[in-house]
Amino acid sequence: MNPEFLEKLRAIVGPSHVLISEEERLQYGRDWTRTPGISGAVALPKSTQEVSAVLKLCSDFKIPVIPSGGRTGLAGAITATDRDLALNLSRLNRIDPVDTLGRTVRVQAGVTTQALHEHCEKEGLTWPIDLAAKGTSEIGGNLSTNAGGVRVIRYGMARRWVSAIQAVLVSGEVIELNQGLEKNNTGYDLLQLLIGSEGTLAVITEATLKLCPPPIHSRVFLFSIRDYESLNYVYEKVRSAPFTLTSFEFFSDKCLKQVESKLGRKCKLEKRGALLALIDVEVGPYSQEKDKMDQWLSDLLDSGRIEDGLAADSSSDQTEAWGLREGITESLQVSGLVRKYDLCVPVKLCADFLKEAEALYSKIQIQSELFVFGHYGDGSPHLNFLNSKGLSPEEFHSEINRFEKALYPLLKTFHGSVSAEHGVGVLKKNWVVYSRTPAELSLYQAIKRAFDPNGLLNPGKIIDFSISS
Ligand SMILES: Cc1cc2nc3c(=O)[nH]c(=O)nc-3n(C[C@H](O)[C@H](O)[C@H](O)COP(=O)(O)OP(=O)(O)OC[C@H]3O[C@@H](n4cnc5c(N)ncnc54)[C@H](O)[C@@H]3O)c2cc1C
C-alpha cells in the first residue's frame, strides 16, 4: 500500500492500530466462510472522529474501504483485496446506560451482541436479536446485515429494533439518522436504507437500539420427527396453540450426529427420526396456562407424528437443547470446507420446497454431504454442503456449482429469496437477479451513486455497481 497513505493512517489511529503483517491482513480480509481474501492493511479506529478521518483519507487517496465487525458473516461480505483497507470497528465498544423509560440503549458499532444482552439484562430488558454467533458478532455487523436469528417469528429482524443510527459517509461527514424518535414521518427513511446495506453505503459508528422485556417463563420442546409432512403438521399445531411462539427451528438427524460427534454434545432423545424440531415458547405465570399447554402437548404426542420428545423447563436443560441446534454451524466448520445456502420461501411451502431440494440433490448426485437445518417457522432453511469426500477446493466448488445452477431456478418457482438473512456479499451476487427485479436493481445503482460516487465502500459486494467516474 502507498507508504504516504499508511503514514497518514498511523497518524490518525496510532501506529499500533495499523496492521500490515500477512497474517493480520488475511485475518481481517475474510469472514467465517473463509472466502479467499487479503486486505492491503487493517485500521482499528477507536472513535467516530477517527473513522471520519480515515474515510476522508481513503477518499483523498482513492483507497477502497471494507468495514467489518466480528467477521462472523456468512456471505463473503468482507472479502478484501490487497488494494483495500480493512476498517474494523471492534474497538468502538462503548455501551451507555439503559434508558429504562424510553426502553432504549445507545451503543457503539463494535459492541458484541452478547455484551449488549448482558448489559440490558441487568435492567430487566433485552435487544431481542439472538443468534449463535452472538459472542463475536457486533452491532454494526448485525445492522449492516439486518440479522435475523432464532427469534424472528416473535420479534422480527434487526431493523425493527433500531431508533437511531450515527454513520460516516465516504467523504468523512458524520450523519445522525432519526435521533431516537419513535415516530418520524418526514420523508425517506435513510436509517432503514443503511440497515442491510452490507457496508456499501456508509460506515455505522453508533446506534440507539430499542429494547423489550424478555419472556418471564419459557419452555423448550425438542421433538424427533419422521418426515417433512409430520414436521409441517407439528408447525400447524404450534401455530394454533394457546401460547406465544418464539422459535420454531429444525435440523436433520444428520446435523445432530455431526454436533454429537464433533462437539461432544449429547441428545437425550432415545428414538430418532429423520428430523428434529426445537420449539421455544413463552408461558404465562398462571397454572391454568400450564394446564392448557400440558393438554396441548399430550394431544400432540398422541397424534402419532412425534417419534420422541422432551420438554425443557430449567434454564440448564433449555441451554442444553439449544446447544444442539446452535452447534451445527460450528460442527460443520471444524469438519472441512462448507458451502452454505440461506434461503427463504413462503412458510406454508417450506416442507414442499425442502422435499424438492433434497430430491434434486439425490438426482444430481454431487460429491458432497448435505446438511439441512434452519429457521423453519420463518420459511428460512439453510442448506449446507460439506466437502467430506476430500475433493480439492476447486473440484468441490465445481460440484456445488452444478447443484446451485438447478437449485436457484427451483427456488424461483417457489417465489423464494436467495438470501433470507446472511446477505449477498460476494457469494450470492450472481444470483440476486433471482430475488430482485431489473427496476429494483437500477434503483440500487442510483442509491449507490448518491452515497458513494467513486465506489470506494465495500466494492464488489451485493452487485457490481457501475460507477460513472
Ligand atoms: C455460528 C454462526 C451462526 C449464525 N447465525 C446467524 C443467524 O441465525 N442469523 C443471522 O442473520 N446471521 C447468522 N450468522 C451470520 C452472522 O453472524 C451475521 O451476519 C452477523 O450479523 C454479522 O455480524 P459481524 O459483526 O460478524 O459482521 P461482519 O461479518 O464483520 O460483517 C458483515 C457485513 O456487515 C458490514 N459491516 C460490519 N460492521 C459494519 C459497520 N460498522 N458499518 C458498516 N458496515 C459494517 C460488513 O462490511 C459486511 O458487509 C451466523 C454466523 C455464525 C458464524
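Small disclaimer: the values here were computed from a predicted structure and weren't measured. As the structure lists them, so they are numbered: ligands from 1, and atoms in each ligand from 1.
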Assess, by modelled atom type and distance only, whether the side chains of Ser39 and Asp84 contain a donor and an acceptor separated by less than 3.5 Å. no

Under the ring pair (Phe, Tyr, Trp, His ring centres under 6.0 Å) test, which residues partner Phe373, sequence neighbours left out? His382

Below 30° counts as parallel, above 60° as perpendicular, anything between as tilted: where do the rings of Tyr376 and Phe248 land? tilted

Report the residues that fulfil salt bridge (charged side-chain N to carboxylate O under 4.0 Å, His left out) with Lys348, sequence neighbours left out, ordered by chain and then residue number. none

Using side chain to side chain donor-acceptor pair (under 3.5 Å) as the criterion, list what pairs up with Asp82, not counting sequence neighbours. none

Salt bridge or not between Arg151 and Asp280? Use side-chain N to carboxylate O under 4.0 Å. no

Under a 4.0 Å heavy-atom cut-off, what residues line ligand 1? Trp32, Pro67, Ser68, Gly69, Gly70, Arg71, Thr72, Gly73, Leu74, Ala77, Ile78, Leu89, Ala109, Leu131, Ala132, Ala133, Ser137, Glu138, Gly140, Gly141, Asn142, Ser144, Thr145, Ala147, Gly148, Gly149, Glu198, Gly199, Ala202, Val203, Ile204, Thr329, His375, Glu421, His422, Asn458

